[in-house]
Amino acid sequence: MSDLLKDPLILRQIIMDHYEYPRNHHLVEDETYHKAHMASESCIDDITVMAKIENNVIQDVCFDGIACTISTASTSIMSELLIGKTLEEATEIISEYYKMVELLPYDEEMLQEAVAFHQVGKQANRIKCATIGFKAIETCIKEHKHDQ
Amino acid sequence: MSDLLKDPLILRQIIMDHYEYPRNHHLVEDETYHKAHMASESCIDDITVMAKIENNVIQDVCFDGIACTISTASTSIMSELLIGKTLEEATEIISEYYKMVELLPYDEEMLQEAVAFHQVGKQANRIKCATIGFKAIETCIKEHKHDQ
Amino acid sequence: MFEVGKIRQDFPFLMKAEQADPQLVYLDNAATTLKPQSVIDAVVRYYTESSVNIHRGDYALSYEVSNAYEGVRKTVAKFIQCEPNEVVFTSGASAALNLVAYGYAEKVLKQEDVILMSEAEHASNVLPWFRVAEKTGAKIEYLPLDEEGVLTLEGFKEALHDKVKIVTLAHISNVLGAVVPIKEITALTHQKGAIIVVDGAQSVPHTKTFVKDWDVDFLAFAGHKMLSPTGVGVLYGKFELLQQMDPFLLGGGSNARFDKNGHVVLKNPPFKFEAGTPAIEGVLGLDAAICYIEALGFEAIEQHELELKHYTVEKLKQFKHIKLYNEKSQSGIIAFNVIGIPTQDVAAYLSSLGVMVRAGNHCAKLLSEIIHTQETVRASINFYNTKAEMDIFIDALKDITLEKCIDLIF
Amino acid sequence: MFEVGKIRQDFPFLMKAEQADPQLVYLDNAATTLKPQSVIDAVVRYYTESSVNIHRGDYALSYEVSNAYEGVRKTVAKFIQCEPNEVVFTSGASAALNLVAYGYAEKVLKQEDVILMSEAEHASNVLPWFRVAEKTGAKIEYLPLDEEGVLTLEGFKEALHDKVKIVTLAHISNVLGAVVPIKEITALTHQKGAIIVVDGAQSVPHTKTFVKDWDVDFLAFAGHKMLSPTGVGVLYGKFELLQQMDPFLLGGGSNARFDKNGHVVLKNPPFKFEAGTPAIEGVLGLDAAICYIEALGFEAIEQHELELKHYTVEKLKQFKHIKLYNEKSQSGIIAFNVIGIPTQDVAAYLSSLGVMVRAGNHCAKLLSEIIHTQETVRASINFYNTKAEMDIFIDALKDITLEKCIDLIF
Ligand SMILES: Cc1ncc(COP(=O)(O)O)c(C=O)c1O
Ligand SMILES: Cc1ncc(COP(=O)(O)O)c(C=O)c1O
């Protein structure tokens with residue numbers, strides 16, 4: 001992993017790929033999904049994330065909306081990263097991700113492709129973009145727990 | 001007159017006298033009077049002036065309210081000065097008075113005791129006080145003309 | 001040690017005032033305050049170094065200014081002891097009071113509900129409530145005050161009843177300087193299920209504010225009365241109340257999106273209340289102002305201001321031609337009249353001797369029935385005033401006469 | 001002669017910007033403008049020499065500051081060609097638009113009345129009208145715009161009908177810079193007995209305004225978009241309309257007196273709308289700003305700005321990866337996209353090269369249907385910009401790629 005981290009070309013490739021071909025890029029008409037519309041904080045990015053959580057496991061994540069490269073790519077990566085994870089695992093991954101964007105020590109293994117954003121914290125004004133999807137899934141998880 | 005103008009002691013006496021014993025200092029319950037409440041410009045002085053105008057002559061002027069020495073004295077003097085005058089004469093007196101407070105040349109004879117305020121223009125912030133009664137009677141005259 | 005001589009050097013106005021002939025003595029601090037160099041510098045720094053608009057991170061400088069602006073929310077939150085997202089920036093105390101009246105009270109009050117206030121309130125804490133009453137059918141009731149404008153807990157308890165839904169009170173009155181026991185009153189208010197709005201315009205600059213500990217629901221204050229630029233004020237509101245509250249100003253910056261059919265998605269508090277470009281340098285100046293005040297410390301500020309007040313009151317009490325209205329009040333406001341001389345003439349006379357005080361009803365127009373006078377002269381102290389300045393003021397009053405006042409116009 | 005090099009020396013920010021590495025190029029003038037030294041000096045002069053509150057003549061300094069403040073009303077009146085008592089100071093353009101919507105429209109509109117506006121309006125000229133519609137039952141209708149956001153007189157005539165009671169339009173759009181033929185539209189509006197509200201936020205700073213000659217009923221604008229401090233705006237209203245209009249903000253300064261029973265005597269316009277302590281130094285700064293602009297003259301300003309706009313558009317047209325949205329508009333706003341790159345990434349990339357532009361929907365969220373894009377990048381020119389600066393901007397766009405944008409985060 002560490003080698004990969006050192007090669008911006010590969011990291012850029014990951015982001016480009018997720019921006020141009022975002023994964024899980026759709027919404028579903030399904031009441032059993034939780035939904036978070038990240039709209040009431042900023043007037044630029046407008047992303048909706050949906051998540052199906054069952055038996056303590058994130059069964060599915062999907063999203064849609066208008067966003068910049070970093071928002072789109074990071075949300076796409078988040079969706080791949082969290083599908084199939086238990087809520088505890090997911091919470092830990094999210095927390096490691098936040099550490100990374102804050103430029104604190106973090107667990108590379110856990111974050112997989114998301115390490116593409118390991119330097120985003122140096123562009124403080126893009127942190128919002130790189131975390132919007134993670135904020136959204138947090139909201140879904142919170143809502144799920146609240147419903148239990 | 002000119003001598004009198006030069007003696008502040010006499011002028012002060014005139015103002016003191018009109019402040020402590022204001023003439024025509026009452027209001028009347030009479031629909032035939034015009035009424036001007038000088039309240040909507042400032043929140044300090046609160047003077048109401050009433051005037052009865054008949055046959056083109058100012059038959060009566062009276063006033064009441066809360067005001068500073070200069071407002072009270074100048075309104076009292078105004079009331080004495082204008083009672084019995086035709087509207088043309090009154091308008092001319094008012095206009096001479098305004099010239100005086102603006103420190104422009106004016107007709108001393110016409111202003112009688114009102115010359116006590118001949119220097120008030122040097123204290124620009126007191127001009128409002130020295131003219132409030134005159135502004136009020138102007139409003140009454142305007143209203144009267146409007147009603148004709 | 002509180003060294004007022006050193007403090008005064010931070011205020012360019014005071015340095016000039018001391019050199020003027022006659023020396024200028026500024027005792028109208030309840031109207032607005034002078035600015036220290038650090039506040040002036042913060043404003044100038046914005047103009048010369050940042051100068052861009054906020055709330056967008058499209059480019060580095062905009063991001064920096066936005067961050068600095070949001071940083072002031074944290075400074076204010078620490079200053080009054082709440083959370084940053086409970087701090088709404090407004091254009092002043094009046095705007096803050098209008099916001100809570102319009103956005104909260106007009107929304108929740110119903111016919112027969114009661115708004116309880118005192119007759120010592122400033123127009124900015126009266127007129128918005130009159131409108132609420134008119135729009136909702138709620139009624140205004142007044143709290144009993146003693147002849148120094150003081151509200152007692154007993155008086156408050158008697159006036160409070162089940163129909164009261166909102167209590168609105170100045171923590172410190174701008175006319176009589178009476179200090180309200182906010183914490184106790186808040187507890188009583190909450191016992192009845194009502195909410196309390198505190199007008200802190202005169203208190204926040206002079207005494208430590210603890211909104212959380214006091215548990216007040218809303219608190220309004222103005223920057224310019226505490227060393228900051230004009231054009232900036234604050235409404236504190238408990239977050240859950242802010243969430244319920246409607247915005248007053250609508251426009252750019254307060255919404256996330258809207259469509260042709262009138263569907264509007266507002267941002268979360270506090271942003272949903274901040275439509276339009278705010279007073280950016282005003283807010284940055286407020287930050288410097290708060291830093292300045294905190295460096296001095298409220299303990300020292302209060303002690304100094306009360307000392308000057310008591311010193312002056314003791315002297316003025318000896319003048320038979322002076323009537324004092326608030327001898328006992330524990331704040332730096334001195335309300336008085338010179339017997340037989342209208343307030344405006346007194347102020348003009350003092351002005352001719354360099355002393356700046358305020359005359360009139362001080363926008364608290366309901367108070368006359370309580371103190372039995374339509375108007376007062378008000379001298380209001382800030383921490384940068386000195387005993388020497390109070391002496392100039394006292395001396396000026398010593399031999400004031402109606403004749404001297406009138407002679408000013410010759 | 002319009003010597004931009006000399007003009008730039010009046011702007012401390014620009015002097016620093018030229019020395020920065022990379023050189024900073026400010027092209028977000030539609031958001032807010034930089035301040036010349038004369039405006040900064042006016043603000044600092046207030047803090048150091050006057051510093052007191054206005055609207056009372058109790059002492060000499062207060063009288064002087066009040067006079068200076070009222071003097072700015074005359075300056076503004078001369079600037080937009082109206083009477084001083086038709087100039088209401090507000091906290092910004094948004095506050096001015098809220099005031100006319102709340103104070104006038106909400107009072108006079110009835111169910112079924114129509115408010116006519118365009119889809120290019122800024123949120124601050126949309127959301128207040130949504131509220132009016134909600135409160136009164138009036139309906140909002142939209143004017144037809146062409147694909148450059150331009151409103152034609154023919155289109156306006158077709159959309160206008162007898163139920164239209166209010167037309168509200170930006171004279172110059174903040175997204176596409178389209179200029180509306182205000183005088184003709186005002187005449188047509190008046191023929192139907194409707195009144196017109198003009199959002200002059202983007203026009204008053206850049207082109208001469210003649211409210212009387214145009215016969216517009218209301219006009220709103222912001223100081224900070226025309227060199228002045230933030231926190232100050234203006235609502236012009238015909239005096240007889242201002243007399244009819246209710247205040248929006250209530251409080252000290254706007255009323256002459258009131259009593260316990262809710263009877264309030266408001267002052268005459270414009271004072272009845274100005275509750276609370278205003279942005280005093282903001283207003284004094286606005287005076288200096290207007291003087292500065294008038295000394296340059298709008299003829300020279302417009303000529304220079306349009307020259308830069310056309311120069312830039314001609315260059316950008318040659319780039320296949322750039323889509324321009326408003327080639328033809330006669331103002332200094334350039335709206336574009338880089339094909340395949342989100343606006344925020346474009347702005348961030350330009351920022352990395354020192355160029356400051358705005359990304360997004362620019363608070364004009366209804367426009368997307370017209371120009372078929374949700375977001376644009378906006379470069380907006382002011383008179384102090386130079387061809388050399390535009391070249392930096394153009395060069396930066398020449399070889400922008402998605403890869404380069406993404407590489408910024410490494
Ligand atoms: C007690 C009180 N409330 C409210 C206000 C209004 O403050 P501002 O004029 O800053 O809006 C004042 C200021 O005079 C005040 O003294
Ligand atoms: C067309 C238009 N109207 C209104 C506004 C609002 O101005 P302010 O933010 O100064 O209230 C703006 C500023 O962005 C604008 O461009």
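Please read these numbers as outputs of a predicted model, since none were measured by experiment. Heavy-atom basis, side chains included; hydrogens, waters and symmetry copies ignored. Naming: A, B, ... by sequence-line order, numbering from 1 per chain.
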Is it the backbone or the side chain of [X] that comes under 4.5 Å from a heavy atom of chain D, or both, or neither?
X        : result
C:Val264 : side chain
C:Ala93  : neither
C:Lys260 : both
C:Ser352 : neither

Could you tell me which portion of [X] (side chain, backbone, both or neither) has an atom closer than 4.5 angstrom to a non-hydrogen atom of chain C?
X        : value
D:Val43  : side chain
D:Gln37  : neither
D:Pro128 : both
D:Phe130 : side chain
D:Leu61  : side chain
D:Ile280 : both

Contacts of type ring pair (Phe, Tyr, Trp, His ring centres under 6.0 Å), residue D:Phe248, not counting sequence neighbours
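Ring pair (Phe, Tyr, Trp, His ring centres under 6.0 Å) list for D:Phe248, sorted by chain: C:Phe248, D:Tyr102.
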Is the closest side-chain heavy-atom distance between D:Ser51 and C:Lys35 below 4.5 Å?
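Result yes, sub-4.5 Å side-chain heavy-atom pair found.
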Sub-4.5 Å heavy-atom contacts with chain C: which residues of residues 220-229 of chain D show up?
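Listed by number: D:His224, D:Pro229.
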Spell out, as yes or no, whether a donor-acceptor pair under 3.5 Å connects the side chain of D:Asn98 to the backbone of C:Leu249.
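Judged by distance alone, no pair lies under 3.5 Å.
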